[in-house]
Amino acid sequence: MIRVHAAVLSWYAANARELPWRAPDRTPWGVLVSEIMLQQTPVVRVQPVWHEWLRRWPRPADLAAEAPGEAIRAWGRLGYPRRALRLHAAATAIVERHDGAVPATYDELIELPGIGDYTAAAVASFAFGARHPVLDTNVRRVLARAVAGTQYPPTAPTAAERRRAEELLPDEQTAPTWAVAVMELGALICTAKTPRCGTCPIATVCAWRLAGSPPDDGPPRRGQPWHGTDRQARGRLLAVLRESTDPVPKHQLDTAWPESIQRERALDALVADGLVEPLDGDLFRLPTTTAN
DNA sequence: GAAGCGTGGGT
DNA sequence: TACCCAAGCTT
């Protein structure tokens, strides 16, 4: 296992992408913002939005002082806009509970809105140097192949995966770099569809590779439908509201989605989620105050 | 534990 | 063209 660590670490040293949230001048807040934005969203799309957010809101208190709707607007088209709302809520919680400083421990981080196991581990590790297993989709895929010998990891993280990640964790000095290096390997080499095994630093010890790269024998992964779904309708409605600084009359929202039943349901859900604020006179806008 | 939640680029 | 899928979280 020592050789595997050395191989991955030296590969990372030579091949790591230069990303702003990895730069020496990064802040814990910048790391936290990047991790939320990167949930289910590719790096190339996150970069420009991250820069704008950090320029505009360099500290948690700066974001907390804004209306939540501004976070949603600045989120742009990253997708899953609830993340913006929760990031705003997290900033508020950081001000209230932690005096405006991003907390350093996993246990404190995971108590913040929108932060689950992965993000808490990632921030603790990358921003504060903690020794903690970081199990994202990249790491899970790399370990599934290299160690378990399967093409894909299970649908949801299992105890066996955690144990594997735990066992591979190097000393505290190296753990954060190891975590980001395995992630990077999964993102650049050990990709989901067509892995670049020809340039993989651990191809010679990869259990899946050594077994002849057998295809996945698990249940087929179900893709999510999109066209005609409530999600698409919500996206259309929110796009109209993001583009307007003034409250939007309902008849204007009506043009965003043709099916009235579904449109009403989607709009109601957006209001219930706190992503949209209804006003008197059939007007709607992004929220100026925290809902609930 | 499964379902719901956005978006757009790659194949 | 239709999928697939990209640093998940919440209910």
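Only heavy atoms go into these numbers, but all of them, side chains included; no hydrogens, no water, no symmetry mates. Chain letters run A, B, ... following the sequence lines, proteins first and then strands; every chain starts at 1.
- In this structure, CG of A:L78 is placed 14 Å from C1' of B:dC5, rounded to the nearest angstrom.
- Residue order along DNA chain B, read from the 5' end via each residue's closest nucleotide, puts A:T229 first among A:P42 and A:T229.
- DNA chain C is contacted by both A:E184 and A:G223; A:G223 maps to the nucleotide lying nearer its 5′ end (nearest heavy atom per residue).
- Using a 4.0 Å cut-off between charged side-chain N and carboxylate O, A:R56 and A:E70 make a salt bridge.
- At C:dC9, one or more side-chain N or O atoms of A:T119 fall inside 4.0 Å of OP1 or OP2 (strictly under the cut-off).
- Between A:E184 and A:R22 there is a salt bridge, since at least one side-chain N of the basic residue sits less than 4.0 Å from a carboxylate O of the acidic one.
- Among the heavy atoms of the strands lying under 4.0 Å from A:R17 is at least one base atom, whether or not backbone atoms are also near.
- Note on A:R86: only backbone sugar-phosphate atoms sit closer than 4.0 angstrom, heavy atoms only; bases stay farther off.
- A:T194 comes within 4.0 angstrom of no nucleic acid atom, judged by non-hydrogen atoms across all strands.
- When the C1' atom of B:dC5 is taken as reference, atom CZ of A:R265 falls 14 Å away, rounded to whole Å.
- Across the protein-nucleic acid pair, A:Y80 atom OH and C:dC5 atom C1' stand 10 Å apart, rounded to whole Å.
- Salt bridge status for A:R162 with A:E167: absent, with no side-chain N to carboxylate O gap under 4.0 Å.
- Within 4.0 Å (heavy atoms only), A:R22 reaches at least one base atom of the nucleic acid.
- Taking atom P on both nucleotides, C:dA7 is separated from B:dT11 by 15 Å, rounded to a whole Å.
- Atom CG in A:D136 sits roughly 14 Å away from atom C1' in C:dC9 (whole-Å rounding).
- Residue contacts for A:R77: at a heavy-atom cut-off of 4.0 Å it reaches the sugar-phosphate backbone alone, with no base atom in range.
- The residue A:L19 sits close to a base: some heavy atom pair falls under 4.0 Å.
- Using a 4.0 Å heavy-atom criterion, one finds that A:Q232 contacts no nucleic acid atom at all.
- Computed from coordinates, the A:I36 CD1 to B:dT7 C1' distance equals 18 Å when rounded to whole Å.
- If you check C:dC5, B:dC5, B:dG8 against the side chain of A:Y152, the one that comes closest is C:dC5.
- If you take CZ of A:R141 and C1' of C:dA6, they are 9 Å apart, rounded to a whole angstrom.
- Residue A:R231 has no polar side-chain atom (N or O) positioned under 4.0 Å from OP1 or OP2 of B:dT7.
- Counting non-hydrogen atoms under 4.0 angstrom, A:W21 reaches a base of the nucleic acid.
- Looking at A:D62 and A:R59, a side-chain N of the basic residue comes within less than 4.0 Å of a carboxylate O on the acidic one, giving a salt bridge.
- Between the CD1 atom of A:I110 and the P atom of C:dG8 there is a distance of 15 Å, rounded to whole Å.
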I'd like to know whether A:R131 forms a salt bridge (charged side-chain N to carboxylate O under 4.0 Å, His left out) with A:D171, so could you lay out the CA-CA distance, the side-chain angles of the two residues, the decisive distance to 0.1 Å, and finally the verdict.
CA-CA 7 Å; A:R131 181 178 183 274; A:D171 62 83; over 6 Å; no
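- Taking atom P on both nucleotides, C:dC9 is separated from B:dG8 by 23 Å, rounded to a whole Å.
- Between A:K250 and A:D254 a salt bridge is recorded (basic side-chain N to carboxylate O distance below 4.0 Å).
- Of the two residues near DNA chain C, A:E35 and A:I115, the one whose nearest nucleotide lies more 5' is A:E35.
- Across B:dT7 and C:dT11, the matching C1' atoms stand 23 Å from one another, rounded to whole Å.
- Salt bridge annotation for A:R82-A:D273: present, with a cationic side-chain nitrogen under 4.0 angstrom from a carboxylate oxygen.
- Both A:Q39 and A:K193 sit near DNA chain B, but only A:Q39 has its closest nucleotide nearer the 5' end.
- Residue contacts shown for A:A192 are limited to sugar-phosphate atoms, with no base heavy atom under 4.0 Å away.
- Contacts of A:T137 with the nucleic acid, taken as non-hydrogen atoms under 4.0 Å apart, involve only primed sugar atoms and P, OP1 or OP2.
- Taking atom CD of A:Q224 as the reference point, atom C1' of C:dC9 lies 13 Å away to the nearest angstrom.
- Distances from the side chain of A:V43 to the nucleotides B:dT7, C:dA7, B:dC5 place C:dA7 closest.
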